[in-house]
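In this text, all values refer to a predicted model and were calculated from it rather than measured experimentally. Numbers here simply count residues along the sequence, with the first being 1.
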Amino acid sequence: MFKHKPAVLLIWMISAVIAQVSYADHTIIDTSTLKVVQAAVQDSTRLEKARARDSARKPLEVLLFSEVKPNDSVLEITPGEGYYTALLSRVVGDDGTVHAVDPARAFEHLPRIRNFFTEYQEMDARKNVQYSVQKLDEIQLPEKVDQIWMVLYYHDTYWTGEDRMEMNRRLFDLLKPEGTLLLIDHHARPQDSDQVSRSLHRIHDSMVMTELTQSGFVLNSSSDILSNPNDPRTDSVFSPKWRGRTDRFVWRFKKRSSDSLGE
């Protein structure tokens with residue numbers, strides 16, 4: 001057993017506190033990363049309409065929970081109007097990359113959303129963002145990534161025609177060992193079928209959990225930062241009463257270094 005003189009031990013303990021901030025959900029953040037994340041959220045050059053959503057989306061808490069850090073490479077599935085793209089690109093910095101991938105099949109069903117991201121890019125161009133439109137069950141990237149973000153979209157793969165088993169296999173393969181999958185989606189009720197994935201844009205969390213764990217992902221932590229117990233889970237997520245206020249599950253999965261699928 002190592003022995004430390006009291007003064008040496010005190011210095012070591014103080015250094016440890018300064019170096020890291022630990023959270024109840026098992027998230028450990030380097031304080032230098034904490035400052036970068038705070039600066040990204042507070043950046044006044046973010047679009048005003050995005051900053052107006054911060055109170056409901058809690059970006060600081062979500063970014064810290066994800067454990068994203070400077071220099072990371074991130075795959076963002078369905079970047080939409082660029083809300084998280086703007087934040088992620090600022091956190092990973094010039095030496096990091098955000099691969100923003102919109103789902104081609106969603107555009108086939110909803111052509112009106114096709115220009116959302118390109119319009120965002122015109123207002124907040126980021127050199128470290130690479131954009132493409134792909135079928136998610138055929139997705140390819142030029143590199144493996146540290147993180148994958150899928151926010152409020154997994155439920156849509158139930159009706160857009162994606163082969164979710166193949167999609168998940170490819171996402172798993174694209175992650176580096178010990179890489180992270182952050183997944184956020186709207187809660188449905190336990191008794192609801194997958195039909196509400198289109199009618200209400202919700203999904204029961206057990207369906208998602210089963211599919212992801214079968215694909216090799218290991219749940220590392222969950223958070224209630226976006227939960228809303230007042231949401232009855234019976235209305236569309238686009239209803240004026242609940243838009244931006246739905247009950248959401250927030251999960252962090254890992255690809256363990258010993259895991260492999262099809263290798």
Side-chain angles (χ1 to χ4, degrees), residues 16 19-34 36-37 61-78 84 87-88 91-93 95-101 103 134 136-155 157-158 162-185 187 203-227 248-263:
Q20 294 181 332
V21 179
S22 181
Y23 294 86
D25 57 24
H26 310 294
T27 302
I28 299 176
I29 299 296
D30 183 282
T31 51
S32 62
T33 298
L34 174 60
V36 171
V37 172
E61 293 89 336
V62 171
L63 287 163
L64 293 177
F65 176 76
S66 77
E67 298 182 334
V68 66
K69 60 187 184 300
N71 307 326
D72 272 354
S73 54
V74 181
L75 165 59
E76 184 188 7
I77 303 293
T78 317
Y84 284 112
L87 294 160
L88 289 168
V91 172
V92 303
D95 294 324
T97 305
V98 177
H99 298 277
V101 177
Q134 303 186 46
L136 298 185
D137 51 15
E138 298 176 6
I139 191 169
Q140 299 181 59
L141 292 180
E143 63 175 344
K144 291 187 182 292
V145 296
D146 298 291
Q147 294 212 336
I148 297 173
W149 281 50
M150 186 181 289
V151 179
L152 307 181
Y153 186 74
Y154 197 95
H155 68 271
T157 64
Y158 275 74
E162 304 288 354
D163 179 338
R164 288 190 309 285
M165 183 176 294
E166 178 62 15
M167 175 188 75
N168 290 336
R169 186 194 71 79
R170 286 175 176 261
L171 295 180
F172 185 89
D173 186 59
L174 284 172
L175 267 185
K176 296 176 183 178
E178 299 301 320
T180 297
L181 166 66
L182 179 82
L183 192 136
I184 301 174
D185 218 328
H187 273 294
I203 190 73
H204 189 247
D205 56 8
S206 66
M207 298 180 188
V208 183
M209 181 65 72
T210 296
E211 293 178 358
L212 290 176
T213 54
Q214 286 177 346
S215 299
F217 294 100
V218 177
L219 183 67
N220 178 247
S221 189
S222 61
S223 175
D224 62 0
I225 52 179
L226 296 179
S227 66
R248 305 174 186 185
F249 51 96
V250 181
W251 291 338
R252 187 177 68 222
F253 291 88
K254 291 288 186 179
K255 176 181 180 178
R256 293 306 181 194
S257 57
S258 61
D259 294 338
S260 63
L261 289 180
E263 297 178 355

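- Atom-to-atom distance recorded for Thr97:OG1 and Asn71:CG is 9.5 Å, nearest 0.5 angstrom.
- Taken to the nearest 0.5 Å, the CG atom of Asp173 stands 5.5 Å off from the NZ atom of Lys255.
- Counting only distance, with no hydrogens or angles, the side chain of Asp30 and the backbone of Ser32 share a donor-acceptor pair below 3.5 Å.
- In terms of heavy atoms, Tyr154 sits closest to Asp185 at N-OD2, 3.3 Å.
- Inter-residue side-chain proximity for Leu88 and Val68 is flagged as met; some heavy-atom pair is nearer than 4.5 Å.
- A side chain to side chain contact (heavy atoms under 4.5 Å, CB included) with Val101 holds for exactly one of Glu76, Gln134, Gln140; it is Gln134.
- In this structure, Asp137 and Thr157 have side chains that are not in contact, with every pair of non-hydrogen atoms separated by 4.5 Å or more.
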For side chain to side chain contact (heavy atoms under 4.5 Å, CB included), just list the numbers for Met150 and Leu171, CA-CA rounded to whole Å, side-chain angles, deciding distance to a tenth of an Å, and then say yes or no.
CA-CA 11 Å; Met150 186 181 289; Leu171 295 180; 4.1 Å; yes
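- With rounding to the nearest 0.5 Å, the separation of CZ in Phe253 from CD1 in Ile148 is 12.0 Å.
- In this structure, Lys176 NZ and Ser73 OG are separated by 4.0 Å, a value rounded to the nearest 0.5 Å.
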Any chance you could lay out the side chain to side chain contact (heavy atoms under 4.5 Å, CB included) test for Val92 and Asp146, step after step, and finish with the verdict?
CA-CA 11 Å; Val92 303; Asp146 298 291; over 6 Å; no
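- Looking only at distances, a side-chain donor or acceptor of Asp163 sits under 3.5 Å from a matching main-chain atom of Glu166.
- Taking all atoms of both residues into account, the shortest heavy-atom contact from Trp251 to Ser222 is CD1-CB, 3.6 Å.
- Taking Asp205 as the reference, nothing meets the salt bridge (Lys or Arg N to Asp or Glu O under 4.0 Å) condition, with sequence neighbours excluded.
- Side chains of Val37 and Leu64 form a contact here, defined as non-hydrogen atoms less than 4.5 Å apart.
- Applying the salt bridge (Lys or Arg N to Asp or Glu O under 4.0 Å) criterion to Glu162, with sequence neighbours excluded, gives Arg105.
- Of all heavy-atom pairs between Phe172 and Ser215, the closest is CD1-O, 3.5 Å.
- Atom CG of Leu219 sits about 11.5 Å away from atom NZ of Lys254, to the nearest 0.5 Å.
- Val62 places none of its side-chain heavy atoms less than 4.5 Å from the side chain of Val151.
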Dump the intermediate steps for side chain to side chain contact (heavy atoms under 4.5 Å, CB included) on Leu182 and Gln147, then the final yes or no.
CA-CA 7 Å; Leu182 179 82; Gln147 294 212 336; 5.6 Å; no
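- Side-chain contact between Val208 and Phe249: present, with at least one pair of heavy atoms (C-beta onward) separated by less than 4.5 Å.
- At least one side-chain heavy atom of Tyr153 sits under 4.5 Å from a side-chain heavy atom of Leu136.
- At a threshold of 4.5 Å between non-hydrogen side-chain atoms, the residues Leu152 and Arg248 count as touching.
- Atom CG of Asn168 sits about 9.0 Å away from atom CE of Met165, to the nearest 0.5 Å.
- Nearest heavy-atom pair, Arg256 versus Asn220, reported as atom, atom and distance to 0.1 Å: NH2-ND2, 3.3 Å.
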